Amino acid sequence: MLRRSDSVGDAGLGRDDFEIEFFDSEAELLSSLFKTINGYPFVLTFNGDDFDLRYLFNRALKLGFTREQIPIELGRESAGLKYGVHIDLYKFFFNRSIQVYAFGNKYREVTLDSISEALLDTGKLEISASVSRLSYSELASYCLQDSELVQNLTRFDGEVVMKLITALSRISYLPIEDMTRQGVSGWIRSMMFKEHRDRGYIIPRSEEVRNSKGSTSTTAIIKGKKYKGGMVVDPVPGVHFNVAVLDFASLYPSIMKTWNLGYETILCPHPECRKNRVPDTDHWVCTQRKAMESQLIGSLRDLRIKWYKPRSKDRGLSANMLSWYQVVQSALKVVLNASYGVFGADRFSLYCPPLAESVAAVGRYSISNTINEAKRLGIEVFYGDTDSIFLGTPSIGKLEELIQWSKTKLSMELEVDKSYRYVALSSRKKNYLGVQDDNRVDIKGLTGKKRHIPEFLKMTFASLVSILGQVKSPSDFSEARGRISDLVKDSYAKLKSRKYSLDELAFNMMIGKAVGGYTKNTPQHVKAAQQLTKTGTEIKAGDLVSFVKVVTGTGVKPVKLASLQEIDVGKYAEYIRSTFEQVLDALEIDYEELTGAKKLEAFFPGA
DNA sequence: CCGACAGCCCAACATT
DNA sequence: AATGTTGGGCTG
């Protein structure tokens, strides 16, 4: 720490495993820090590219250091070290693929506090004043805590993060410094360019691929998308007992492998290949040459499914080996999942829309033919989405027959992913509740599980889920019905008598753009953000905005500025209803009948 | 130097 | 009041 004339307070840390070293000048402090940095092969930061290393570099220059004396090299968007690898964990955790696939969406906001809270169960230290006003003791504790969080983010769980970084760096053929700063498209570009060089291929320019392969031939279902994607089967509403969920193992990578798909082989120049059509498109695939992507992605797929995935579950291996296999198989999954999508992304250097389109088209072909075959075998089909189908289970033999059929007729590996004691489907797609044989409940897409809804709804919904988890047979539903009814009525009563706190009533929505960036309309979370900005609280893109619905003003208020008295009970009553109706619909339970909702809602004008 | 893809649901907003 | 659009959050 730097001794300052204006600093006050004691210098104790309250910990005997660390002590504070004081410096009388900033130059001495920096010298010592630079010496320390040079002693390590890795330096971890959180936002060091944009702040810490940049700041240190500039302070040093200002204080008269020469560039040789500073162990930092600044790039335009990154900061490197002369000796050692600088990993900016902010950049790595910001990567959507890392966030979603590697960490299962556990952290919401990409801040040190939010990530460490989610992964380490510890957040940043709260401080009593702005950083520049802290006592020696509090400042030191605050900085130490930040440092420990950053380091622990690479240490927890047997150093999974460093293992993941190592695995992804090897798969992508990128140095750790580059891999941790790039998105999946950068990783896959590097991997494919390396393969071009190994084979002596000339790497095409983006516009060369574009001009020779042209564009798409299907129409997307969603306006503004470039081509038609996966197929979603209309669910058969109702409760279905003994349902098996089958899915294709790594569907899109498997399609690229078995259909010889790549930018060179799609729409190839040979006249004789033109009859080798991709179903549901105007495209054809080469019969003369093998596609590099097909082989590369196919091999990675096989490595994952046949080597790393089985070993990640092998009880004979040490914990350390198990975690390595687990990390590699999930790293491969991240890369494989993106390997089709990048060809449909216009910024990808080998962008090839007809290729991406063809992969999705074969996917639809595969699932729809499998569904037809299932029906032909007398198996009921309840639902399906992209690569999965929900089937009745007349007998194990029938499912085996279907799996075998898929292998011989489609060359696709279909497998039983899970089996449900029962599944509740409404008529909504991408919305269901399934109870597994071990009472575990899977909930997909239902409002009750979404992150932005108020805590009180999540809690009530969780209770509903636990009731449904105990249902073993159709006859159990009548008891469950009574308990659900009590649950919902209880929630109404608490709402009406204002027993829920403002925090429990708060919606938490991520604001995707800067507050001023909303020109087309003004959604509620933006209205709340505007009010916060007015009172001096800054709101940036990516922040969570907490607000409640009120009867005053524009109908919403930030939690900080609201009071319990102005809560819009009617609006919340509507939310309880719509959240629960989604599930009850599927169970064929009438909401109004269950709760006597008509009578209840009469208490709330506007409900 | 860099953000993989499409499809679906819901609530609120804007427009007709 | 009916209808289309936007934005967020989700599935795969």
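First the proteins, then the strands, lettered A, B, ... as listed; each starts at 1. Computed from heavy atoms alone, side chains included, the values below leave out hydrogens, waters and symmetry copies. This one's a predicted model, so the numbers in the text were calculated from it and none came from an experiment.
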State which of B/dC10, C/dT5, B/dG7 makes the closest approach to the side chain of A/K223.
C/dT5

With A/K549 as the cation and A/F507 as the aromatic partner, state whether NZ or CZ is under 6.0 Å from the six-membered ring centre and within 45° of the axis.
yes

Cation over ring, A/K557 on A/F547, under 6.0 Å and within 45°?
no

Whole angstroms only, please: what is the OH-C1' distance between A/Y107 and C/dG9?
17 Å

Which atom pair, heavy atoms only, marks the closest approach of A/S78 to A/R181?
CB-NE, 3.5 Å

Pick out which of A/Y500, A/F461, A/Y575 makes a side-chain contact (heavy atoms from CB on, under 4.5 Å) with A/F456.
A/Y500

Specify the separation, in whole Å, of atom CG of A/D417 and atom P of C/dT11.
14 Å

Can you tell me which residue among A/Y422, A/F382, A/Y383 is in a ring pair (Phe, Tyr, Trp, His ring centres under 6.0 Å) with A/H240?
A/F382

For B/dC8, does OP1 or OP2 lie under 4.0 Å from any side-chain N or O of A/Y383?
no

Heavy atoms only: give me the nearest A/R108-A/M510 pair and the separation to one decimal.
O-CE, 3.8 Å

Base, sugar-phosphate, or nothing for A/F348, non-hydrogen atoms under 4.0 angstrom?
nothing

Between A/V232 and A/A338, the residue closer to the 5' end of DNA chain B by nearest nucleotide is A/A338

For A/L495 against A/A573, the heavy-atom pair lying closest together
CD2-N, 3.7 Å

Side-chain atoms of A/A345 come closest, of B/dA4, B/dC9, B/dG7, to B/dA4

Looking only at side-chain atoms of A/R428, point me to the closest of B/dG7, B/dC1, B/dC9.
B/dC9

Taking any heavy-atom pair under 4.0 Å as a contact, classify A/G341: base, sugar-phosphate, or nothing.
base

Identify the two heavy atoms, one from A/S190 and one from A/S172, that lie closest to each other, and give their separation to 0.1 Å.
OG-O, 2.6 Å

I want to verify a distance call: between C/dG12, B/dC9, C/dG7, whose nearest atom is closest to the A/D387 side chain?
C/dG12

Over how many whole Å does the gap from A/D234 atom CG to B/dC8 atom C1' extend?
12 Å

Report the nucleotide, chosen from B/dC1, C/dG9, B/dA4, that has the shortest atom-to-atom distance to any side-chain atom of A/M510.
C/dG9

Ring centre gap for A/F390 and A/Y432 strictly below 6.0 Å
yes

Indicate, with a heavy-atom threshold strictly under 4.0 Å, whether A/R451 touches base, sugar-phosphate, or nothing.
sugar-phosphate

Check every atom of C/dT11, B/dC5, C/dG8 against the side chain of A/D385 and return the nucleotide holding the closest atom.
C/dT11

Can you tell me how far CG of A/L74 sits from CZ of A/F57, rounded to the nearest 0.5 angstrom?
4.5 Å

Check the distance between B/dC1's C1' and A/N95's CG and give it to me in whole angstrom.
15 Å

What is the nucleic acid contact for A/F248, judged by heavy atoms within less than 4.0 Å: base, sugar-phosphate only, or nothing?
nothing

Quick one: label A/Y227 by what it contacts on the DNA or RNA (base, sugar-phosphate, nothing), any heavy atom closer than 4.0 Å.
sugar-phosphate

Look at the side-chain N and O atoms of A/H525 and state whether any lies under 4.0 Å from the OP1 or OP2 oxygen of C/dG7.
no

Are any of A/K430's side-chain N or O atoms less than 4.0 Å away from OP1 or OP2 of C/dT11?
no

What does the inter-axis angle of the helix from B/dC5-C/dG12 to B/dT16-C/dA1 come out as, five pairs per end, nearest 10 degrees?
10°

Closest to side chain of A/K225, choosing from C/dT11, B/dA4, B/dA6
B/dA6

Describe the nucleic acid contact of A/I221 in one word from base, sugar-phosphate, nothing, applying a heavy-atom distance below 4.0 Å.
sugar-phosphate

Using a cut-off of 4.0 Å on non-hydrogen atoms, how would the nucleic acid contact of A/N337 be classed: base, sugar-phosphate, or nothing?
base

Checking B/dC2, B/dC9, C/dT5 against the side chain of A/R189 (C-beta onward), the nearest is B/dC2

Here the distance between atom C1' of C/dG8 and atom CD of A/E109, to the nearest Å, is 15 Å

List the protein contact pattern of nucleotides 11-16 of chain B with one symbol per nucleotide (5' to 3'): B for base contact, S for sugar-phosphate-only contact, - for none; contact means a heavy-atom distance under 4.0 Å.
SSSS--

Select one nucleotide: of C/dC10, C/dG12, B/dG7, the one nearest the side-chain heavy atoms of A/I222.
B/dG7

Starting from the C-alpha separation in whole Å, work towards a yes-or-no answer on side chain to side chain donor-acceptor pair (under 3.5 Å) for A/D442 and A/Y420.
CA-CA 9 Å; A/D442 280 349; A/Y420 287 123; 2.6 Å; yes

For A/K450 and B/dC10, is the shortest distance between a side-chain N/O and OP1 or OP2 below 4.0 Å?
no

Value in whole Å for how far the P atom of C/dG12 lies from CG of A/L251
13 Å

Could you check which of B/dG3, C/dG9, B/dG7 has an atom nearest any side-chain atom of A/M509?
C/dG9

Gap between atoms CZ and P, on A/R181 and B/dG3 respectively (whole Å)
12 Å

Considering every strand and a 4.0 Å limit on heavy-atom distances, what is the contact class for A/R108: base, sugar-phosphate, or nothing?
sugar-phosphate

Within the structure provided, determine whether A/E77 and A/D49 are in side-chain contact (heavy-atom separation under 4.5 Å).
no

Return the value, rounded to whole Å, for the distance between atom CZ of A/R96 and atom P of B/dA4.
10 Å

